[in-house]
Amino acid sequence: MTNDTLDRSSIIELLTVTPADELYRRADEVRREAVGDDVHLRGLIEFSNICRNDCLYCGIRRGNRQVQRYRMTEEELVETAKRAAALGFQTIVLQSGEDLHFDQARMCRIIDQIKRLDVALTLSVGERDYEDYKAFRDAGADRYLIRIETTDRDLYHRLNPGMSWEHRHECLLMIRELGYELGSGIMVGLPGQTVESIADDLLYLKDICIDMAGIGPFIPHPETPLANESGGTLEQALRTMAVMRLLMPDINIPATTAMESLHPQGRIMALQAGANVVMPNVTEGEYRRLYELYPGKICVNDTPAHCRSCIGLKIRSIGRTIGQGRGGHKKR
Ligand code: 5AD
Ligand code: FES
């Protein structure tokens, strides 16, 4: 059976019984053939940790009163983007909680200013209405990240009170229809999540033709209702990511920060098991530590310049190259 036609039961077998090193080797081979040795870097700016939602797993959920909340000003945000561009990042990712202070007009002004830096721009600001998505796209945003988190509807509704899986799915379809490159993904190791449902997640992501897949372990945050859950393992997350690569050989797959939070070499392991993207944090100062989705987040005391050179060295140390250009999804 060729990779792209893997069915549900072979996916489950790969996720569970195939020896991990064999799976990683296959994913690494498919990655090299389909997208080559380049690793594309994205500069991630976490510009507000204010969120209207109350997702049970998330450290910046509305109900967490322990978080010191922040919101960058437009000027701070654009300055941070300028410095990231000066460090050589050719994609800037703007991520925040669902903070409606950043309304359509404000977001469009920010997008317009950042696009003048001649970079690709990715947004990761959650669920908005069609008019917002359209306005952001018209203002110049190129890509959008919005994880589906899980395709198990019941699990989704338990974990995301007040939210609707169907609505989130509609958002993904709108984003794709508007011509954004669509990034989505899941968490692995959620309480009550089964390997069958992870197989369904992967098939779903393939079915909606995503351009990028972010897959990370769930890491329990002490100030959330899931504090005492066990969370995902690095192996589970790496396996899931590797199977994603087999299913969709030419998409972009980041080595996620959450993987490195579980193991000091987590991102390097991911790059050798199917990943071809890294998203170093370019947020500055105090904000880095305040954007705490999960505990043990890496690099909270480092500077953007430090992380840029650190990750550059790591990538070269495993014989890979830093991608030049914007590194969008090149469909084969
Ligand atoms: N552990 C791991 N990942 C998390 N995210 C949110 N909370 C956690 C957690 N506790 C992920 C979600 C979200 C992305 C921005 O971060 O998948 O979409
Ligand atoms: Fe931040 Fe290595 S990437 S210190």
Side-chain angles (χ1 to χ4, degrees), residues 39 41-49 51 53-61 64 67 87 89 93-98 122-127 144-150 155-156 159-160 163 168 171-172 183-191 193 201 205 212-234 236-237 240 254-262 264-268 270-271 278-284 288-289 291-315 317:
V39 176
L41 300 181
R42 325 291 195 198
L44 174 67
I45 305 177
E46 300 156 333
F47 67 92
S48 165
N49 69 353
C51 192
N53 294 329
D54 214 20
C55 307
L56 267 53
Y57 44 79
C58 185
I60 64 167
R61 66 199 296 270
N64 183 0
V67 191
L87 284 174
F89 289 101
V93 183
L94 302 186
Q95 186 174 96
S96 68
E98 291 201 2
T122 305
L123 300 180
S124 177
V125 299
E127 296 184 25
Y144 205 101
L145 304 182
I146 180 166
R147 288 187 179 172
I148 195 70
E149 315 293 3
T150 173
L155 179 60
Y156 185 91
L159 295 176
N160 304 89
M163 296 174 75
R168 197 170 187 82
C171 286
L172 270 70
S184 190
I186 59 165
M187 279 178 288
V188 178
L190 293 166
Q193 188 182 39
D201 297 345
L205 294 171
M212 187 279 235
I215 292 168
F218 158 59
I219 306 176
H221 189 292
E223 300 295 339
T224 63
L226 302 183
N228 298 318
E229 299 293 335
S230 44
T233 65
L234 179 62
Q236 270 180 317
T240 308
T256 54
T257 306
M259 288 177 172
E260 189 125 326
S261 302
L262 292 186
Q265 297 301 325
R267 288 177 302 177
I268 290 302
L271 287 173
V278 181
M279 299 169 55
N281 193 340
V282 296
T283 314
E284 301 191 32
R288 287 169 88 89
R289 115 187 126 69
Y291 198 85
E292 190 191 57
L293 307 182
Y294 49 83
K297 185 186 176 206
I298 58 166
C299 307
V300 289
N301 295 314
D302 297 313
T303 61
H306 177 84
C307 288
R308 172 61 188 81
S309 74
C310 163
I311 201 67
L313 287 170
K314 286 190 176 189
I315 289 166
S317 79

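First listed ligand is number 1; within each ligand, the first listed atom is number 1.
Between the side chain of Thr256 and the backbone N or O of Ile215, at least one donor-acceptor pair lies under 3.5 Å.
Within 4.0 Å of ligand 1, heavy atoms belong to protein residues Tyr57, Cys58, Gln95, Arg147, Glu149, Met187, Pro217, Phe218, Ile219, Leu293, Tyr294.
With salt bridges taken as basic N to acidic carboxylate O contacts below 4.0 Å, none links Lys297 and Glu292. Salt bridge status for Arg168 with Glu149: present, with a side-chain N to carboxylate O gap under 4.0 Å.
Of all atoms in ligand 2, listed by their number and element, those nearer than 4.0 Å to a heavy atom of Arg267 are 2 (Fe), 3 (S).
Atom 2 (Fe) of ligand 2 has Cys310 SG as protein N, O or S atoms under 2.8 Å away.
Considering CZ of Arg147 and OG of Ser124, their distance stands at 8.5 Å, rounded to 0.5 Å. Between Thr150 atom OG1 and Phe218 atom CZ the span is 12.5 Å, to the nearest 0.5 Å. Note that CG of Leu56 and OG1 of Thr224 are 7.5 Å apart. Values are rounded to the nearest 0.5 Å. With rounding to the nearest 0.5 Å, the separation of CD in Glu46 from CG in Asn281 is 4.0 Å. Rounding to the nearest 0.5 angstrom, the gap separating the CZ atom in Phe47 from the CD atom in Gln95 is 9.0 Å. Remark: Glu127 CD to Asn53 CG distance equals 7.0 Å, nearest 0.5 Å.
Contact record, Cys55 with Asn160: SG-ND2, 3.1 Å, taken as the closest heavy-atom pair.
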